[in-house]
Amino acid sequence: MCFSAVSVCAQVTESVDSSNVRTLDGKRLSEVTVSAHKSNRAKTSGLSNTDFISSKELLRAACCNLGESFTTNPSVDVNYTDAATGAQQIRLLGLSGTYVQMLTENIPNYRGLAAPFSLSYIPGPWMQSIQVSKGASSVKNGYESITGQINVEFKKPQATPWADANLYYNSKGKLEANLGANLKLPDKWSTALLGHYEILDKAHDDNGDGFVDMPKVRQGSLQSRWAWLSDNYIFQASLKGLKERREGGQIGHHAVGNTHPYLIDITNERYEAFAKNALILDAEHAANIALILSGSLHHENSTYGHQQYIADQRNGYASLMFESDFDEHHSISTGVSLNHDYLDEQIRKIDETTPGVYAQYTYKIGEKFTLMGGLRWDYSSIYGGFVTPRMHIKYSPNDVVTLRGSVGKGYRKSHVLAENNYLLASGRLIYIDGGLDQEEAWNYGISAALSIPVGEKKLDVNAEYYYTNFLHQTVMDLDSDPHVVYFRNLDGKSYSHTYQIEATYPFFEGFTLTATYRRTDVKCTYDGVLMEKPLTNKYKALFTASYAPGMGKWQFDVTLQLNGGGRMPTAYTTSDGLPSWDDRYSGYEQLSAQVTRFFRHWSIYAGGENITGFKQKNPIINATNPWSANFDSTMIWGPLHGAVYYIGVRLNWNKI
């Protein structure tokens, strides 16, 4: 597996499996120890501009799943896509999460049909760490990264023996349970089993519009992992299965006696498998050959009122790579890959096979200077051949300043209905132009990391700017007609500017405060007019405070978000001559807090999310008449429910 190197500072030490750990520049590490203060923000080492979220930081919030793991992260936003299905979407560098390459164990994953609910498919207690890399990424994992990569590392079977469990319950009636353990077996084998189950079977309609505020959910998943490690050969494998059902729509007096209540029923089944093989040729020069194989099957059966969406997707992926360090200054990585996607949506079938080849060279002078250039060529059975160039540079003149720059191109195929089927929970018609282009964009980024001595401590400051410019894009047009959503090829400009500055300082023993401000300028051409992208916040300010007094038996965490306003899509005119919604929405704030008490083998935690209670008023347009063309549950820009309080227990036995 690959690992993006991350800068660290002292206070909390966490071990990371190093059986096949690699930095972004391709070096194999024989042993890895990640040490970081709670905020984990310093970025003075490592080639890429990467946020590392350790398992320690994941404990700062409930983190029931991947989508809830970014509460304290300033770079990633997580928002609901609609007010009916519970689907969530991340934003990175001001753009949709579809432009972020999702990886699990550094293998491309959760593409197409899995995208709308993928953030709920990875339970928080299963995760060992998350790496969020912004901008152009390494060419080794493919061509699909445009705004960055998010890689999730799961708990390893070959790690120090462990067993854990987690129970969670919140004020909305959601109950969740997680179990996990590993076991050492004879002859260098080890195995781990991870289990997850959650249920929310209570219907809530706090705003009284007749629609449930969040769908009923039942989800169960199981993952089995295996590893075999020797001095010259490493093998890892995994099998995972998941089934989830979501039920929403009209309830109460709106449904009783109504022969045609508007109901939503979404069932997803997903199965995944992967196998990794690494042959160590020369440990001194980190020379090795690795073969990665993975596959997934995904079936969805959904009903939105009278509309039904049934789809199946199959994916197969293979990558064969060779890496070696010639000496302390020069290293190379090269390989071939093959990706196959088959998507059957009943109304159409998509069958795409894409073989590719890449080479990546890294030049390094100690810790002061690193230059990495990569180039890959792929051939799509639909779009033909295309080239992906990417480059990273890092310069650290001293221990205080680290400068980085990156530039690269990314491509992706837009699976319009699979990635946006939540739009079916609307009276809008959906028009998809034929012959949609392969999406293509350049990303440019610069960043500066400063570690400034202030008194006896250090003030960590990170400043960054990213520019994404689309050459080809599938544009979702909500403005040309308020009763229609068009998917068209870009005809004009489309870009994103993102500026962010972040500062972290440990004011006194055990207490760390982080403040972040981000501003985005995202525009796209809709029907010939360059406009601000709708439903996108102009800015975000984030303040996080963590306090672990004394011996660390207690931990207190508070996070405050200030979210800026933005533009709404063009509204239609109601029967009384008024617009159906305002042209713009205002900014809002969200406060969350958690307190944790640690014991030797267990801990108890309690907290609240959105304690300020802010929620979007009347998120479903024309909820009393869901069969009309004016019905729309997708005009979402803010929280859908008020404060949620929770309590949980974590059990942990290390070195069992």
Side-chain angles (χ1 to χ4, degrees), residues 61-62 64-65 67-68 71 78-89 117 119-120 168-176 198-219 245-258 261-266 304-305 422 425-427 535 537 559-561 563 565 568 580-582 585-594 606-626 630-648:
C64 293
N65 54 49
E68 297 178 4
T71 302
V78 180
N79 300 301
Y80 286 100
T81 59
D82 65 281
T85 68
Q88 290 182 310
Q89 179 178 250
F117 302 105
L119 296 180
S120 67
Y168 166 95
Y169 184 78
N170 71 22
S171 57
K172 297 295 183 180
K174 179 181 178 181
L175 177 65
E176 179 178 318
E198 66 178 81
I199 180 172
L200 173 61
D201 59 359
K202 294 183 179 180
H204 298 274
D205 182 20
D206 294 340
N207 60 7
D209 64 359
F211 276 75
V212 295
D213 297 331
M214 57 183 70
K216 296 180 180 180
V217 177
R218 288 177 181 265
Q219 184 195 104
R245 184 178 183 184
R246 294 169 177 259
E247 298 176 275
Q250 287 183 309
I251 62 170
H253 65 278
H254 294 274
V256 176
N258 186 349
Y262 192 97
L263 300 178
I264 295 174
D265 194 332
I266 304 171
Y304 301 85
Y422 66 90
S426 165
L535 304 173
N537 297 341
T559 301
L560 174 64
Q561 293 185 36
N563 301 280
M568 293 291 291
S580 51
W581 54 76
D582 296 333
Y585 61 89
S586 301
Y588 59 94
E589 66 288 330
Q590 288 181 282
L591 178 68
S592 62
Q594 179 178 286
E609 300 170 349
N610 194 21
I611 297 174
T612 47
F614 180 87
K615 56 184 177 180
Q616 184 177 339
K617 294 182 180 180
N618 304 317
I620 298 182
I621 309 300
N622 205 16
T624 58
N625 191 10
N630 293 334
F631 170 70
D632 200 332
S633 69
T634 66
M635 296 293 101
I636 303 304
W637 50 264
L640 298 178
H641 47 77
V644 176
Y645 299 96
Y646 60 85
I647 188 170

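Side chains included, hydrogens not; waters and symmetry mates left out as well; all remaining heavy atoms used.
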Revision key, fill the gap. Sequence neighbours excluded, the answer for ring pair (Phe, Tyr, Trp, His ring centres under 6.0 Å) partners of Y168 is Y646

Revision key, fill the gap. Residue set satisfying side chain to side chain donor-acceptor pair (under 3.5 Å) with N65, at least two apart, ordered chain then number -> none

**Study point:** Intermediate values then yes/no, side chain to side chain contact (heavy atoms under 4.5 Å, CB included), I621 and N630
**Key:** CA-CA 7 Å; I621 309 300; N630 293 334; 5.7 Å; no

**Study point:** Sequence-distant partners of T634, side chain to side chain donor-acceptor pair (under 3.5 Å), two or more places apart
**Key:** D632

Exercise for review: Using the test side chain to side chain contact (heavy atoms under 4.5 Å, CB included), find all partners of S171 that sit at least two apart in sequence or belong to another chain.
Suggested key: V644, Y645

Check your understanding: Does Q616 reach the main-chain N or O of M635 with its side chain, forming a donor-acceptor pair under 3.5 Å?
Key -> yes

Point to revise | Non-neighbouring partners of Q590 that pass side chain to side chain contact (heavy atoms under 4.5 Å, CB included), sequence neighbours left out | key: Q561, N563, Y588, N610, P639

Exercise for review: With sequence neighbours excluded, tell me which residues meet side chain to side chain donor-acceptor pair (under 3.5 Å) with K202.
Suggested key: none

Practice item. Applying side chain to side chain contact (heavy atoms under 4.5 Å, CB included), name anything that partners L200, two or more places apart in sequence or on another chain. Key: K174, M214

Review point. Who pairs with T85 by side chain to side chain donor-acceptor pair (under 3.5 Å), at least two apart in sequence or on another chain?
Key: D82

Review point. For E247, which residues count as a side chain to side chain contact (heavy atoms under 4.5 Å, CB included) partner, sequence neighbours excluded?
Key: K216, R245, D265

Practice item. Carefully, step by step, assess Y304 and I266 under the rule side chain to side chain contact (heavy atoms under 4.5 Å, CB included). Key: CA-CA 8 Å; Y304 301 85; I266 304 171; 3.6 Å; yes

Practice item. Measure the shortest side-chain to side-chain distance between E609 and L591 over non-hydrogen atoms and say whether it is less than 4.5 angstrom. Key: no

Point to revise | Any side-chain heavy-atom pair of P626 and F211 under 4.5 Å | key: yes

